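Here is the structure we will look at.
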Amino acid sequence: MSTRVRFAPAPTGFLHVGSARSALFNWLFARSTGGELILRIEDTDAALRKPEFIDAIVKPLQTLGIDWDEGPYYQSQRKQFHVDAVEQLVESGHAYYCNLTRQDADRLAEEAGLPAGYHGWSRDSGLPDGPDCVVRFRTPDDGEVVIEDLVRGTVRFGCKELEDFVIRRSDGSPTFLVANAVDDADMGITHVIRGEDLLNTTPKVMLLWDALDLGDKPEYAHLPLLVNEQRKKLSKRRDDVSLMEFLAKGYLPEAMVNHLALLGWGPPDDVEIRPITEIIELFELRNVNKGSAYFDVTKLNHINGEYIRELPAERFIELTEPFIHGVDADVGWDSADVRADLYALVAPEVQQRVATLSDSVDFVGWLFLDSVEYDTESKPWNKSMRKGKAVPEILDLLHERFADVEWTGDALNTAVSAVGDELGARSQVPARIAITGTNAGIPMWDAVAHLDRSVVRRRLAAARALL
RNA sequence: GCCCCCAUCGUCCAGCGGCCUAGGACGCCUGCCUUUCACGCAGGUAACACGGGUUCGAAUCCCGUUGGGGGUGCCA
């Protein structure tokens, strides 16, 4: 039988990397088994029903190349099925009405000397439905629910630990637990692959499944959570987790996907950076880890850099243009000042050095700016300018020679080295700092030859004046 | 509190009873290359949480301890 899996996010704003990882693993499983992926939006809660939230899920998935075969389906549109299921459960005696609030339940528990929680207070009250009534599922008093999790192995839950949970809110809307069971059954889901934070809800869904007599249950696989540096579950409030924001900063979708695939799973041959087609081929659910994984941006940077370096030069230019022009990044110059020809010339060198597309900005500002700023407190300035040998003389001499030196990259480079030789000092770094503002950067003389002689000489003089 | 899950270098992954004096990658350090920086190359640093079993043999299996995490909603 063909596999059918689903990615079923609640539309709670932007898609975060943890959800993206869940989507990816579902997708990898579907593609590697020749099965199908279904996108289902879990919007049973009215507050979540906002069109812009749907976009926030669909768009990033598309960008990452995670395509689905069916959907998006909306649980809100299948509400009637869920309502029917709740009704069926009430009629069969599996569920009952209850008009107690959470506070009521806690108070009753305290008075009875029981642990906090709902202890089936209204089970046999015979209460009829009413405006303030929820429907609760009658969990078995004993026995256990056993899950054979594909990642975790056998997991057991004692039924007495499960309180009579709410399956229909007082506003009449069924909760996701019912929707889950009904929809997974209707949609023929064979494998439920999702985050470990949902593991505890699984026994409840299985109980509903049996009570509703829905037939064969899907297999479950609970993925390890993605965590932050403090080893806490990635949170939208606290952590940088917006997938789109990463992409906006200049992480390539392919690199992001590659990195995400490496969190909780690894290829048997230890080759980490590789095409998605190979990852699909190698991916096996049974090889997924159990331990949570830290979402390490440092490693992402490395992977991204590797992918960027593999890009054809024209493609790199095309992708970085929005950043260079200040559309997708903050820059200190005007888009009109960007010299496209000059950028095209240096782009391959920039490409060798960046971790993200937006980093490109840092390497080319000196080409578009009239003057550069010097950080005289910085380490490079201190080391190469303040403490460097004969730096004032070097800059003075360069200023002089640059007045009539042939204005080509080779000639400039030769002239600079000659000055260094004459003074018995290292001249390249001081020249670089004076002209570009920093010690780190692309090979520069060919680019400098495209700047105005006067602009370059002025910078030499400006840096000299600060010594 | 109660329930559930987890535990190999700082981080991610490999290891599924002998091939492990534990391998790869990121990071970090050193050297080479070099007009700087980066890339690349060559090295180095660094881990089986602890205690009991089982076994001829355990990072690998079992139990416990400790530590971490998740859940405990009329959110999903």
Side-chain angles (χ1 to χ4, degrees), chain A residues 8-12 42-45 47-48 75 98 100-102 105 115-118 132-136 147 149 151-153 155-158 160-163 165-177 179-180 194-203 222 224-225 227 229-233 259 261-273 286-287 289-303 305-306 309 349-355 363 380 384 412-414 416-417 420 426-433 436 438-445:
Chain A
T12 55
E42 309 234 314
D43 57 351
T44 63
D45 189 26
L48 302 178
Q75 282 193 327
C98 169
L100 264 33
T101 64
R102 193 74 224 175
Y118 185 85
D132 292 322
C133 280
V134 300
V135 178
R136 286 182 181 271
I147 296 159
D149 191 280
V151 169
R152 270 145 231 289
V155 184
R156 300 165 180 279
F157 294 88
K160 66 174 189 308
E161 312 296 345
L162 302 171
E163 68 172 32
F165 53 92
V166 172
I167 58 175
R168 194 210 69 184
R169 306 183 184 92
S170 52
D171 68 0
S173 63
T175 61
F176 89 108
L177 295 162
N180 238 252
R194 27 119 89 144
E196 197 206 324
D197 49 346
L198 273 330
L199 183 54
N200 290 303
T201 69
T202 308
H222 286 93
L225 259 21
V227 298
E229 210 157 8
Q230 283 74 242
R231 299 249 125 214
K232 303 264 192 220
K233 180 169 82 155
H259 180 238
L262 262 15
L263 262 24
W265 176 83
D269 59 7
D270 276 346
V271 178
E272 296 187 320
I273 299 179
R286 66 189 191 86
N287 289 336
N289 291 169
K290 301 184 182 83
S292 50
Y294 169 52
F295 185 83
D296 188 359
V297 178
T298 307
K299 178 126 181 190
L300 209 211
N301 284 338
H302 172 257
I303 294 174
E306 295 280 308
R309 269 166 246 127
E349 293 293 349
V350 174
Q351 186 175 1
Q352 288 298 115
R353 275 155 251 262
V354 294
F363 287 90
S384 303
L412 287 164
N413 184 26
T414 306
V416 173
S417 292
R426 287 172 55 80
S427 57
Q428 289 283 352
V429 173
R432 173 178 288 275
I433 293 179
T436 71
T438 174
N439 70 314
I442 56 176
M444 61 186 293
W445 298 116

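Here the structure is a predicted model, which means the values were calculated and not measured. Just so it is clear: chains get the letters A, B, ... in the order the sequence lines come, proteins before strands, and each one is counted from 1.
- As the counterpart of B:C41, B:G31 is assigned, both hydrogen-bonding distances of the Watson-Crick or G-U wobble pattern falling under 3.5 Å.
- Here B:C2 sits opposite B:G71 as a Watson-Crick or G-U wobble pair (both hydrogen-bonding atom distances under 3.5 Å).
- Within 4.0 Å (heavy atoms only), A:R194 reaches no atom of the nucleic acid at all.
- Rounded to an integer number of Å, the gap from NZ of A:K290 to P of B:C4 is 17 Å.
- Pairing for B:A25 goes to B:U11, judged as Watson-Crick or G-U wobble with the two contacts each under 3.5 Å.
- Rounded to whole Å, atom P of B:C4 lies 7 Å from atom CZ of A:F157.
- Closest to the side chain of A:A440, from the set B:C74, B:C37, B:C4, is B:C37.
- Looking at the side chain of A:N439, the nearest of the listed nucleotides B:C37, B:C12, B:U11 is B:C37.
- The two residues A:N289 and A:V151 make their nearest non-hydrogen contact at O-CG1, 3.5 Å.
- Residue contacts for A:L177: at a heavy-atom cut-off of 4.0 Å it reaches no nucleic acid atom on any strand shown.
- Between A:R156 and B:C4 there is no side-chain N or O to OP1 or OP2 distance below 4.0 Å.
- With P as the reference atom, B:A14 and B:A25 are 15 Å apart, rounded to whole Å.
- In this structure, B:U65 forms a base pair with B:A49, meeting either the Watson-Crick or the G-U wobble geometry with both donor-acceptor distances under 3.5 Å.
- Among the atoms of the strands shown, none is found under 4.0 Å from any heavy atom of A:G117.
- A heavy-atom distance below 4.5 Å is found between the side chains of A:V166 and A:R136.
- In this structure the side chain of A:S384 never reaches within 4.5 angstrom of the side chain of A:N439, judged on heavy atoms.
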In B/S/- notation (B base, S sugar-phosphate only, - none; protein heavy atoms under 4.0 Å), nucleotides 59-71 of chain B written 5' to 3' is ---------SBBS

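- Here A:N301 does not reach the OP1 or OP2 of B:C26: none of its side-chain N or O atoms lies under 4.0 Å away.
- Rounded to an integer number of Å, the gap from CH2 of A:W445 to C1' of B:U36 is 11 Å.
- Comparing B:G71 with B:C12, their C1' atoms are spaced 26 Å from each other, to the whole Å.
- In this structure, A:L162 places its CG atom 9 Å from C1' of B:C3, rounding to the nearest Å.
- Of all nucleotides listed (B:C13, B:C6, B:U36), B:C6 comes nearest to the side chain of A:R152.
- Minimum interatomic distance between A:Y118 and A:E163 (heavy atoms only, all atoms of both residues): N-OE1, 2.9 Å.
- Listed nucleotides: B:C2, B:U36, B:C12. Nearest to the side chain of A:Y294: B:C12.
- Residue A:D270 places its side chain closer to B:G23 than to any other of B:C3, B:G23, B:A76.
- Distance noted for atom P between B:C6 and B:G10: 22 Å (whole Å).
- A:N287 comes within 4.0 angstrom of a nucleotide base, judged by non-hydrogen atoms across all strands.
- By the 4.5 Å heavy-atom criterion applied to side chains, A:Y294 and A:S292 are not counted as neighbours.
- At a threshold of 4.0 angstrom between heavy atoms, the contacts of A:G291 are confined to the sugar-phosphate backbone, with no base atom among them.
- Residues A:T175 and A:T44 share a closest heavy-atom pair of C-OG1, 4.3 Å.
- Taking for each of A:S173 and A:R426 the nucleotide of RNA chain B with the nearest heavy atom, the 5'-most of the two is the partner of A:R426.
- The side chain to side chain donor-acceptor pair (under 3.5 Å) test with A:H222 is passed by exactly one of A:R194, A:R152, A:E196: A:R194.
- Look at A:T44 and you'll find a side-chain N or O under 4.0 angstrom from OP1 or OP2 of B:A76.
- The nearest pair of heavy atoms linking A:A179 to A:Q75 is CB-NE2, 3.3 Å.
- A:S170 contributes a side-chain N or O that forms a donor-acceptor pair with the base of B:C74 under 3.5 Å.
- Protein atom CD of A:E272 is 12 Å distant from nucleotide atom P of B:C12, rounded to whole Å.
- In this structure, A:Q428 atom CD and B:U36 atom P are separated by 8 Å, rounded to whole Å.
- Rounded to whole angstrom, the span from the CG atom of A:D296 across to the C1' atom of B:U11 amounts to 5 Å.
- Across B:C29 and B:U35, the matching P atoms stand 23 Å from one another, rounded to whole Å.
- Between B:A49 and B:G69, the distance separating the two C1' atoms is 16 Å to the nearest Å.
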Contact string for nucleotides 40-49 of chain B, one letter per nucleotide 5' to 3', B = base within protein heavy-atom range under 4.0 Å, S = sugar-phosphate only, - = neither, reads S---------

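- The nucleotide whose nearest atom lies closest to any side-chain atom of A:T101 is, among B:G24, B:C4, B:C74, B:C74.
- Within the 4.0 angstrom heavy-atom criterion, base atoms lie near A:N413.
- Residue contacts shown for A:R102 are limited to sugar-phosphate atoms, with no base heavy atom under 4.0 Å away.
- Taking atom P in both B:G31 and B:C39, the straight-line distance is 16 Å, to the nearest Å.
- Nucleic acid contact class of A:V134 (heavy atoms, under 4.0 Å, all strands): base.
- Between the CG atom of A:N289 and the P atom of B:C16 there is a distance of 14 Å, given to the nearest Å.
- Of the C1' atoms belonging to B:U21 and B:A47, the separation is 15 Å, rounded to the nearest Å.
- Comparing B:A22 with B:A38, their C1' atoms sit 33 Å apart, to the nearest whole Å.
- No engagement by A:D269 is indicated, since no non-hydrogen atom pair under 4.0 Å with the nucleic acid exists.
- Projected onto RNA chain B by closest heavy-atom contact, A:F363 and A:L100 fall at different nucleotides, the more 5' of which corresponds to A:F363.
- Between A:W445 and A:T414 there is no side-chain heavy-atom pair separated by less than 4.5 Å.
- The minimum heavy-atom distance linking A:V416 with A:S427 is given by the pair O-OG, 2.7 Å.
- Rounding to the nearest 0.5 angstrom, the gap separating the OG1 atom in A:T436 from the CD1 atom in A:I442 is 9.0 Å.
- Between A:T201 and A:F165, the closest side-chain pair of non-hydrogen atoms is not below 4.5 Å.
- Among the heavy atoms of the strands lying under 4.0 Å from A:W265 are primed sugar atoms or P, OP1, OP2 only; no base atom is included.
- Remark: B:U36 base-pairs with no nucleotide; criterion is Watson-Crick or G-U wobble with both hydrogen-bond distances under 3.5 Å.
- Nearest heavy atom pair, residue A:R432 against residue A:P443, reads NH2-CA, 4.0 Å.
- If you check every strand for non-hydrogen atoms under 4.0 Å, A:P443 touches a base.
- Looking at heavy atoms from C-beta onward, A:E272 lies out of side-chain contact with A:I303 at the 4.5 angstrom threshold.
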